[in-house]
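Bear in mind the structure is a predicted one, so any value in this text is a computation, not a measurement. In listed order, ligands and their atoms are each counted from 1. Heads up: numbering here begins at 1 and tracks the sequence.
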Amino acid sequence: MPELPEVETTVRGLALYLDGARIERVTVNRPGMRRPFPPDLMQALTGATVTGLGRRAKYGLIHTDRARSVVFHLGMSGRWRIDPAEPDRHDHVVIDTATNRFALNDPRRFGWLDLADEAALESWGPFAAMGPEALGEALSAQHLRAAFRGRKQAVKLCLLDQRIVAGLGNIYVCEALWRAQIHPRKAAGKVTGPQLARLVPAIRDVLGESIADGGSTLRDYAQPDGNLGYFATRFDVYGRTDAPCHRCHETLGGIVRRIVQGGRSTWFCPKCQK
Ligand code: ZN
């Protein structure tokens, strides 16, 4: 499933070709994906000039010189194909500029694409209740201390709550808690000051490193098929059930364990996460 680094990489890849371009044609191949497309999508975008690309949490933004921006979500399996050699039956929206073609492809159709008023973007639907960006300046130990205060809910589940931190998903919450040496089942209100001080840089680092890895895949955009390959990051705990802990196996014999929280897997080291 695309997480924040994949969305950021997608946005940067699209920007290389789309920023500053005029949209010549928009083709909509079905009524919608997870939700219906706006009925005036073609009318709103045809002839518009793209003025910039952006991201809010796991949503990509295509700003235009019209009053509305495109907002897209990649769902479970979404990706943009740039200059695809062949059309694909899962290309749901196709945008043509004078020089390139961009196809939003999503076999499972959990993603979606919508238009939002540029002037009121912060209060648009899913953005209205979002907390500070995981990679933004507003995310601080003080913010987390206030958000966690008195909470009995597990810290892992609190970090997945987009009202507390916007853009974090399962992979990077597991990785950040391992780096900060915090047990994922610990009540959020019991996370100590030193742990909170470690948690914010841990979040920034795991996301930042993954985005840096993704940057190296940008050249793939220029390939004829234009596929965005999801990059394989070397994870410390995610998906490593029963593997030796990268930090403490030699000293404490730590082994990565999988548990289920809120219906989703969590990987952690019981020896060095407290
Ligand atoms: Zn360990």
Side-chain angles (χ1 to χ4, degrees), residues 1-9 57-58 131-136 139-162 164-217 230-274:
M1 184 190 302
E3 291 225 24
L4 187 153
E6 285 87 358
V7 179
E8 179 69 24
T9 303
K58 286 186 264 184
E133 273 292 310
L135 279 173
L139 180 65
S140 62
Q142 292 91 314
H143 166 76
L144 291 179
R145 182 177 295 115
F148 289 173
R149 186 168 292 137
R151 284 205 179 219
K152 295 189 175 74
Q153 194 181 29
V155 60
K156 194 243 178 164
L157 298 177
C158 283
L159 288 173
L160 287 174
D161 183 340
Q162 302 295 298
I164 294 177
V165 185
L168 279 183
N170 200 39
I171 295 174
Y172 296 98
V173 168
C174 292
E175 292 294 306
L177 286 172
W178 181 84
R179 287 206 190 189
Q181 295 185 250
I182 301 171
H183 196 293
R185 279 200 175 126
K186 188 171 193 136
K190 303 271 190 195
V191 176
T192 66
Q195 287 181 320
L196 286 171
R198 293 197 297 265
L199 184 54
V200 171
I203 290 169
R204 292 217 174 98
D205 289 351
V206 291
L207 292 170
E209 288 166 21
S210 189
I211 290 168
D213 285 350
S216 65
T217 69
Y230 291 115
F231 34 95
T233 302
R234 287 156 290 124
F235 296 123
D236 284 304
V237 283
Y238 185 82
R240 297 187 65 240
T241 310
D242 296 336
C245 173
H246 286 158
R247 178 168 43 227
C248 77
H249 183 253
E250 286 190 10
T251 50
L252 303 173
I255 299 287
V256 175
R257 299 297 183 205
R258 186 184 79 93
I259 56 174
V260 176
Q261 294 180 281
R264 303 180 71 184
S265 293
T266 301
W267 286 270
F268 75 109
C269 173
K271 291 277 196 219
C272 64
Q273 289 179 249
K274 301 294 177 191

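- Glu133 CD to Leu168 CG: the interatomic distance, rounded to the nearest 0.5 Å, is 9.5 Å.
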| message | Could you walk me through whether Cys158 and Arg151 satisfy the side chain to side chain contact (heavy atoms under 4.5 Å, CB included) test, starting with their C-alpha distance in whole Å, then the side-chain angles of each, then the deciding distance to 0.1 Å, before giving a yes or no? | response | CA-CA 9 Å; Cys158 283; Arg151 284 205 179 219; 3.6 Å; yes
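- Looking at heavy atoms from C-beta onward, Tyr172 lies in side-chain contact with Pro5 at the 4.5 angstrom threshold.
- Both the sub-6.0 Å distance and the 45° axial angle are not jointly satisfied by Arg240 relative to the ring of Trp267.
- Around the Zn ion (ligand 1), protein atoms of type N, O or S found under 2.8 Å number 4.
- Of the options Ile182, Leu177, Leu144, a side-chain contact (heavy atoms from CB on, under 4.5 Å) to Val191 is made by Ile182 and by none of the others.
- Nearest approach of Ile164 to Ala147, heavy atoms of both residues: CG2-CB, 3.9 Å.
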